[in-house]
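For reference, the structure discussed in these notes is given below.
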Amino acid sequence: MKKHLLTLASVAIAITAMAQDLNKPFGFCTVSSRTDAASTYEITGGGCYTYPIPESFTGKAITLKSNGQDMKGTIQNAIKQYDIVILDGSDGDFIVSSNIIFERGNKTILGINNARLCTQWSVTEEIKAALEKAGVSKMSTSSGTGGTLPNGEPVSEEAEYNTRKIILELTGDNSESYRSSGVFSLNKENVIIRNITFVGPGSIDAGGNDLISALGAKHCWIDHCAFQDGMDGNFDITNSSDFITVSWCTFSYTDRSYMHQNTNLIGSSDSEKTGFLNTTFAFNWWGTGCKQRMPMARVGKIHMLNNYFTSTTASNCINPRKNSEFLIEGNYFDTGVKKYYGQSSATAVTWASSNYAAETNTVSGYSGKPDTFNQIGSTVTVPYSYDVTPYADVPAAVKEKAGATLYKGETGITTAVVNNPLSNTYYNLRGERVDSSYEGLVIVNGKKILMK
């Protein structure tokens, strides 16, 4: 992994009660062992993860703005060619037709000016009405209750079968391309994604894509992002992904979603390989519309630190499952959240006394206040240093700082070295549109320099 000496941009953020630096990665993304604290990892992304980019940066960066059309190819090519991709939202939302593939690791994707990545397809009121008329929300989600679709595709579950059949009949799309409505498929190492709002099509039980799918990704930091209305999930971590930190993010669903508001899955099945999926969730907010998987995990050591839960629709928030180990500390479950913990076949769970819940938990088998939950297995520890913020300080801090709350109203980019400009791409230099139809354009502090 290429390492850079980073000079972090100063960010005037003062939270007296918070223990973690808002501009510094921490947690599992910074280590290479689930037990050995000496086995550290320098996660740098593309060489910088703050904005503006410091003049000391020596890699390649590009700033993209929306053209109002499908931006999947443009963004995917930028990720392939550049170390840092800055998404500037000042010209509107970035629309993507399907998941963007990371062909290389060692990348930073950074949003400024309220950058939003939105799926091109969305669930319509017509679709929701048809699903409701058919009673899909009350159908079985168990394997063996489905059938074969008119396009010949077998589907194992009743709810998914009828959802896909109804949409196929309404749209005439035999290829079911809408099921690819996600944003990122992440399977590389040393990737940082910060300060972006992800907007999905609405959740339905169609076996579709997540807003972000970590599929074998290693050492990734997802920070200060907002996730809304993912089709299958908001952000799922599977396929032996490992050493992931998710910090200061928000997860929610709107009225666009119909069912399957299952926001964060770790481990795709009970047969997931053990020894992977070690993940830190810190200072995140599970809010409106979330019903399950906050997260649900199979395998992995999962550290739940100082997260905030306000979803009154939850049927189960934190859900340890087979072969998982959970350390749960300093989390705040607000008024109205009555089903916030239940486990099944977990290897170990440590529910610390630092958690707070306003309500009595009503998940079957785990009714009562958190102080009545029993330790399961050995005490769970993590191999990195951290502080637990007092739970009383969590709601205010998370409400203020979680989500895409960084780098708003910024203009220009300090340094952007453009060696191989992409076609149909332009750069915004202090309000001036600059088309890049030639090689050798270097942008330094907002000034164009043509290199010969």
Rounded distance [0.5 Å steps], [atom1] in [X] versus [atom2] in [Y]:
X	Y	atom1	atom2	result
Lys322	Thr274	NZ	OG1	10.5 Å
Lys107	Thr44	NZ	OG1	11.5 Å
Asp232	Asn262	CG	CG	8.0 Å
Ile302	Leu327	CD1	CG	11.0 Å
Thr171	Glu176	OG1	CD	8.0 Å
Cys317	Asn264	SG	CG	11.0 Å

Go through it in stages, so that I can follow the logic: the residues are Val398 and Tyr332, the test is side-chain contact (heavy atoms from CB on, under 4.5 Å), and I'd like the CA-CA distance, side-chain angles, deciding distance and then a yes or no.
CA-CA 10 Å; Val398 171; Tyr332 194 108; over 6 Å; no

Please report the closest heavy-atom contact between [X] and [Y], naming both atoms and the distance.
X	Y	answer
Tyr49	Ile43	CE2-O, 4.1 Å
Gly92	Ser66	O-CB, 3.6 Å
Ile109	Ile196	CG2-CD1, 3.8 Å
Asn99	Ser213	ND2-OG, 4.4 Å
Thr279	Ile237	CG2-CD1, 3.9 Å
Ala346	Pro320	CB-CB, 3.8 Å

side-chain contact (heavy atoms from CB on, under 4.5 Å) assessment of Ile204 paired with Leu131
CA-CA 10 Å; Ile204 50 175; Leu131 295 174; 4.1 Å; yes

Pairs flagged by salt bridge (Lys or Arg N to Asp or Glu O under 4.0 Å) wherever residues 113-125 is involved - sequence neighbours left out
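Of all non-adjacent pairs touching residues 113-125, those that pass salt bridge (Lys or Arg N to Asp or Glu O under 4.0 Å) are Asp93-Arg116, Glu125-Lys128.
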
As a test of understanding, state which of Phe281, Trp285, Phe333 forms a ring-ring contact (aromatic ring centres under 6.0 Å, His included) with Tyr308.
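So the option named by the test is Trp285.
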
Tell me, with the steps shown, if Tyr384 and His303 meet side-chain hydrogen bond (donor to acceptor under 3.5 Å, both in side chains).
CA-CA 11 Å; Tyr384 49 83; His303 188 193; 2.7 Å; yes

Looking only at side chains, do [X] and [Y] share a donor and an acceptor under 3.5 Å apart?
X	Y	result
Ser97	Asp70	yes
Glu189	Tyr41	yes
Thr238	Asp236	no

Would you check if the side chain of [X] reaches a backbone N or O of [Y] as a donor-acceptor pair within less than 3.5 Å?
X	Y	value
Glu272	Asn239	yes
Asp88	Asn113	no
Asn319	Gly342	yes
Glu157	Glu160	no
Lys339	Gln292	no
Asp205	His260	no
Asn306	Thr389	yes
Thr350	Val380	yes
Ser315	Lys291	yes
Asn174	Asn151	no

Check the orientation of Phe102 and Phe184. Use parallel for under 30°, tilted for 30 to 60°, and perpendicular for over 60°.
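Because their plane-to-plane angle is over 60°, the rings of Phe102 and Phe184 count as perpendicular.
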
Member of Phe227, Phe251, Phe28 meeting the side chain to side chain contact (heavy atoms under 4.5 Å, CB included) criterion with Val246:
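It is Phe251; the other options fail the test.
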
Under the ring-ring contact (aromatic ring centres under 6.0 Å, His included) test, residues paired with Phe94 that sit two or more places apart
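Counting only residues at least two positions away or on another chain, Phe94 forms no ring-ring contact (aromatic ring centres under 6.0 Å, His included).
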
Can you list, pair by pair, the side-chain donor-acceptor contacts under 3.5 Å of residues 215-223, counting residues two or more places apart and other chains?
{"residue": "Lys218", "atom": "NZ", "partner": "Ser240", "partner atom": "O", "Å": "2.3"}
{"residue": "His219", "atom": "ND1", "partner": "Cys29", "partner atom": "O", "Å": "3.4"}
{"residue": "His219", "atom": "ND1", "partner": "Val31", "partner atom": "O", "Å": "3.4"}
{"residue": "Trp221", "atom": "NE1", "partner": "Ser247", "partner atom": "OG", "Å": "2.9"}
{"residue": "Asp223", "atom": "OD1", "partner": "Ser247", "partner atom": "OG", "Å": "2.6"}
{"residue": "Asp223", "atom": "OD2", "partner": "Arg194", "partner atom": "NE", "Å": "2.8"}
{"residue": "Asp223", "atom": "OD2", "partner": "Arg194", "partner atom": "NH2", "Å": "2.8"}

Acceptor/donor pairs from residues 141-149 side chains to any protein atom, 3.5 angstrom cut, sequence neighbours excluded:
{"residue": "Thr145", "atom": "OG1", "partner": "Ser140", "partner atom": "OG", "Å": "3.4"}
{"residue": "Thr145", "atom": "OG1", "partner": "Ser142", "partner atom": "O", "Å": "2.7"}
{"residue": "Thr145", "atom": "OG1", "partner": "Glu158", "partner atom": "N", "Å": "2.8"}

From CA spacing to verdict: side-chain contact (heavy atoms from CB on, under 4.5 Å), Ile193, Cys225
CA-CA 8 Å; Ile193 301 173; Cys225 291; 4.1 Å; yes

Just to verify, what does Ser203 make a side chain to side chain contact (heavy atoms under 4.5 Å, CB included) with, not counting sequence neighbours?
Tyr253, Ser257, Gln261

For residues 351-363, pull every pair meeting side-chain hydrogen bond (donor to acceptor under 3.5 Å, both in side chains), keeping only residues two or more places apart or in separate chains.
Asn331-Asn355

CA sep, side-chain torsions, deciding dist, call: Gln228, Thr254, side-chain contact (heavy atoms from CB on, under 4.5 Å):
CA-CA 7 Å; Gln228 176 183 297; Thr254 69; 3.6 Å; yes

In terms of heavy-atom contacts, does NZ of Lys80 have more than 12 from other residues, nucleotides or ligands at under 6.0 Å?
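No, NZ of Lys80 has 12 or fewer neighbouring heavy atoms, counting only those of other groups under 6.0 Å.
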
